[in-house]
Novice: 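I have a structure here, written as structure tokens, and I will follow up with some questions on it.
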Amino acid sequence: ENESYLKAAKRAVTNWKTDLNKAKTAVNETENAIRENSEALEANKNKTKANADAINALAAAMVASGLKASIREITEALWECVDASVDFESAMAGVAKTTNMSDDELAVMAEDVKKISTEMPVAATELAGIVEVAGQLGIAKEDLLSFSVVMANLGVSTNMTSEEAATMLARFANVTKMAPAMYENLGSVVVALGNNFATTESEIVTMGQRLAAAGELAGLTEPEIMALAAAMSSVGIQAEAGGTAMTQTLTAMEQAVATGGSGLEKFASVAGMSAEQFASTWESKPIEAIEAFINGLGRLDEQGESATLVLEEMGLSGIRQGNMLKSLATASGLLTDAVGLANTAWTENTALIKEATTRYETTESKFKRFENSVTALKIAVGDQLTPALADLADEGTDVVQWATEFVQANEWLAPAISAVSAALSVLLGFVATATVVIPLLTKLFTALGASFLATPAGMVAAGIAAVTA
């Protein structure tokens, strides 16, 4: 017995030593991590100070070169440019992560994103974020930009954010196997339905997602699925319950047509058709069979029959399913109207761009586009400054000498910073009235639009002419 106690005690000591060694290792690792973090913080602190010294020296050199602005104003403008460049670079890094683009492809995408941001009230970093999400959702490289523009328009025109629209509609399209070229058509359907029915675009798309698989199997088109979603959400049916209930109904119709017999006859009777007519309609135009059935349910009470009893006889008596069908049935013609509008919106494909254009014409949107143009100008300047600042930090060159030489070698810098400083004043003060801002907008858009194909320095020069003219 004593020997057993002794063995147990030895095991306890061994375990204690093991735990102690693990604790020592953990402490050492923590100390190393703290030391490395402190070194990194110190290095970052030194780099930040070096950058600050370089920016201050640049501001002083530009004042010495004759730039009519205070050192504080110039310093602020320089930092704005550096920060804008860094932020956009970070946004494009997200694009690189999800799209596997080459450096050349990323460079083209970056220029396209900046250009588009001057044409709509969506920041370049936000657009890049949409492209990143699109890549994550599996959108093909050649479709990334067009997809992102549609989603940005939906973000401006609806109660969905751009990223919400991108995620939900991409998943919807994956289920229905919709061609990528049809995203704008789908967006037009959503906007048209949201504008004309007692529901929101977000509710329509959420319900549409729930109905996508069953709708695809039943042979419904994308606008028909969204029309069904709009009709259902318009009468207060929630997506989770309604999606399941409608899926069960479509499955029951499919099975009735496939097997025939009394099940088919019951559906046909409610729809006001013969069994053969209902089956033929379901095979050729299933949405019309659904409409006929829903409208037929709505007429039962007028004919002295009970919709509740009829649904029970058909095996469609679940609480959610019964409530969904009766709610649709009481809104006579709602589904038919929704289908007609959705098909028209899909074919015309104008509802989304009309809605977006209307939003873009507001003073707020015009000012946002002006801000985006200024940001594009800041990014162009910052893209030239940040590599120079990094080289300065690495080489340890005299800051004052470097700043003087940099200003002399880059004649565009002083007028560019002057333009940025002037634009910042506009952004901060709104120049009192929109009547002053709008002419500035027009000049800046025209100049930037023509200069995006040029070199970064050429873009800067065009931006300067626009702001200072």
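Only heavy atoms go into these numbers, but all of them, side chains included; no hydrogens, no water, no symmetry mates. The structure displayed is predicted, hence computed values, not measured ones.
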Novice: Could you check whether any side-chain N or O of Ser233 sits under 3.5 Å from a backbone N or O of Ala230, counting only pairs where one atom can act as donor and the other as acceptor?
Specialist: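 Here the side-chain-to-backbone pair exists.
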Novice: Verify the neighbour count for atom CD of Gln238: are there more than 12 heavy atoms of other residues, nucleotides or ligands below 6.0 Å?
Specialist: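 No, not enclosed.
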Novice: Side chain to side chain contact (heavy atoms under 4.5 Å, CB included) for Leu341 and Asp337? Distances and angles first, verdict last.
Specialist: CA-CA 6 Å; Leu341 179 63; Asp337 292 342; over 6 Å; no
Novice: What are the two closest heavy atoms between Gly135 and Leu144, and how far apart are they?
Specialist: N-CD2, 3.7 Å
Novice: For Pro180, does its backbone N or O pair with a side-chain atom of Asp143 as donor and acceptor, under 3.5 Å?
Specialist: no
Novice: With distance as the sole test, does Glu203 use its side chain to make a donor-acceptor pair with the main-chain N or O of Thr200 at under 3.5 Å?
Specialist: yes
Novice: Heavy-atom count around Glu105 CD within 6.0 Å, excluding the residue itself: above 12?
Specialist: yes
Novice: Rounded at 0.5 Å granularity, tell me how far CG in Leu413 sits from CE in Met62.
Specialist: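 Result: 4.5 Å between the selected atoms.
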Novice: Could you work out, with side chain to side chain contact (heavy atoms under 4.5 Å, CB included) as the rule, every residue matching Asn349, not counting sequence neighbours?
Specialist: Glu184, Asn185, Ser188
Novice: Would you give the length of the straight line joining atom OG of Ser373 to atom NZ of Lys378, rounded to the nearest 0.5 angstrom?
Specialist: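 Rounded to the nearest 0.5 Å, the OG-NZ separation comes out at 11.5 Å.
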Novice: Under 4.5 Å between any side-chain heavy atoms of Tyr360 and Asn153, yes or no?
Specialist: yes
Novice: So do Trp346 and Met226 actually touch side chain to side chain, heavy atoms under 4.5 Å?
Specialist: no
Novice: Once rounded to the nearest 0.5 Å, what's the spacing between atom CZ of Phe172 and atom CD1 of Ile225?
Specialist: 4.5 Å
Novice: Enter the distance from Thr336:OG1 to Glu291:CD here, rounded to the nearest 0.5 Å.
Specialist: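 One finds 4.0 Å between OG1 of Thr336 and CD of Glu291.
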Novice: Identify whether the distance between the nearest side-chain nitrogen and carboxylate oxygen of Arg359 and Glu355 falls below 4.0 Å.
Specialist: yes
Novice: Is there side-chain contact between Val150 and Leu169, with heavy atoms separated by less than 4.5 Å?
Specialist: no
Novice: For Thr344 and Thr347, test the side chains for any donor-to-acceptor distance below 3.5 angstrom and give the result as yes or no.
Specialist: no
Novice: State which residue, out of Thr249, Thr281, Val339, Leu250, fulfils the side-chain contact (heavy atoms from CB on, under 4.5 Å) condition with Ile290.
Specialist: Leu250
Novice: Show your reasoning for whether side chain to side chain contact (heavy atoms under 4.5 Å, CB included) applies to Leu334 and Ser234.
Specialist: CA-CA 9 Å; Leu334 185 67; Ser234 290; 4.1 Å; yes
Novice: Distance alone, cut at 3.5 Å: any donor-acceptor contact between the side chains of Trp282 and Glu288?
Specialist: no
Novice: For Leu106 versus Met101, what's the shortest heavy-atom pair and its separation?
Specialist: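 Closest approach of Leu106 to Met101: CG-CB, 3.7 Å.
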Novice: Please check: side-chain N/O of Thr330 versus main-chain N/O of Ser327, any donor-acceptor pairing under 3.5 Å?
Specialist: yes
Novice: Between Lys368 and Glu364, does the salt bridge (charged side-chain N to carboxylate O under 4.0 Å, His left out) criterion hold? Intermediate values first, please.
Specialist: CA-CA 6 Å; Lys368 179 62 179 176; Glu364 180 183 6; over 6 Å; no
Novice: Under a 4.0 Å N-O cut-off, is there an ion pair linking Glu119 with Lys115?
Specialist: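 Salt bridge flag = yes for Lys115 with Glu119.
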Novice: How long is the straight-line distance from CG of Leu352 back to OG of Ser157, given to the nearest 0.5 Å?
Specialist: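 Ser157 atom OG to Leu352 atom CG measures 5.5 Å (nearest 0.5 Å).
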Novice: Is the shortest side-chain heavy-atom distance between Phe88 and Val113 below 4.5 Å?
Specialist: yes
Novice: Apply side chain to side chain contact (heavy atoms under 4.5 Å, CB included) to the pair Ile379 and Thr375, showing each step before the final yes or no.
Specialist: CA-CA 6 Å; Ile379 292 171; Thr375 299; 3.9 Å; yes
Novice: May I have the step-by-step check of side chain to side chain donor-acceptor pair (under 3.5 Å) for Asp383 and Ser85, ending in yes or no?
Specialist: CA-CA 6 Å; Asp383 286 349; Ser85 175; 2.6 Å; yes
Novice: Give every donor-acceptor pair under 3.5 Å between a side-chain atom in residues 120-132 and any protein atom, sequence neighbours left out.
Specialist:
none

Novice: Output yes when a side-chain donor or acceptor of Asn323 lies under 3.5 Å from a complementary backbone atom of Ile319, and no otherwise.
Specialist: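 Here the side-chain-to-backbone pair exists.
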Novice: Might you point out which heavy atoms bring Ala166 and Val133 nearest each other, and give the distance in Å?
Specialist: CB-CG1, 4.3 Å
Novice: With a 4.5 Å cut-off on side-chain heavy atoms, are Val257 and Glu283 touching?
Specialist: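 Side-chain contact under 4.5 Å: yes.
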Novice: Could you go step by step and tell me if Leu228 and Met246 meet the side chain to side chain contact (heavy atoms under 4.5 Å, CB included) rule?
Specialist: CA-CA 9 Å; Leu228 185 56; Met246 182 54 76; 3.8 Å; yes
Novice: Should Val108 and Asp104 count as side-chain neighbours, where that means a heavy-atom distance under 4.5 Å?
Specialist: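 Counting from C-beta outward, Val108 and Asp104 never come under 4.5 Å.
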Novice: Are any side-chain N or O atoms of Thr167 and backbone N or O atoms of Glu163, one a donor and one an acceptor, separated by less than 3.5 Å?
Specialist: yes
Novice: Would you say the side chain of Leu328 lies within less than 4.5 Å of the side chain of Leu297, judging by non-hydrogen atoms?
Specialist: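 No, their side chains stay 4.5 Å or more apart.
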Novice: Output yes when Lys366 and Glu361 qualify as a salt bridge under the 4.0 Å nitrogen-oxygen rule, no when they do not.
Specialist: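 So Lys366 pairs with Glu361 through a salt bridge.
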Novice: Could you pull out all donor-acceptor pairs under 3.5 Å where a side-chain atom in residues 208-223 meets a protein atom, sequence neighbours excluded?
Specialist:
| unit_1 | atom_1 | unit_2 | atom_2 | d |
| --- | --- | --- | --- | --- |
| Thr221 | OG1 | Glu224 | N | 3.3 |
| Thr221 | OG1 | Glu224 | OE1 | 3.3 |
| Glu222 | OE2 | Thr176 | OG1 | 3.1 |

Novice: Heavy atoms only: give me the nearest Leu335-Ala227 pair and the separation to one decimal.
Specialist: CD1-O, 4.2 Å
Novice: For Lys141, look at atom NZ and say whether over 12 heavy atoms of other residues, nucleotides or ligands are found less than 6.0 Å away.
Specialist: yes
Novice: With rounding to the nearest 0.5 Å, note down the distance linking CE in Met168 to CE in Met207.
Specialist: 12.5 Å
Novice: Closest heavy-atom contact between Ala331 and Val235?
Specialist: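 For Ala331 and Val235, the tightest heavy-atom pair comes out as CB-CG1, 3.8 Å.
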Novice: With a 4.5 Å limit on heavy-atom distance, are the side chains of Leu58 and Leu385 in contact?
Specialist: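 A side-chain contact under 4.5 Å exists here.
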Novice: Closest approach of Thr206 and Ala239, non-hydrogen atoms and distance?
Specialist: CG2-CB, 3.7 Å
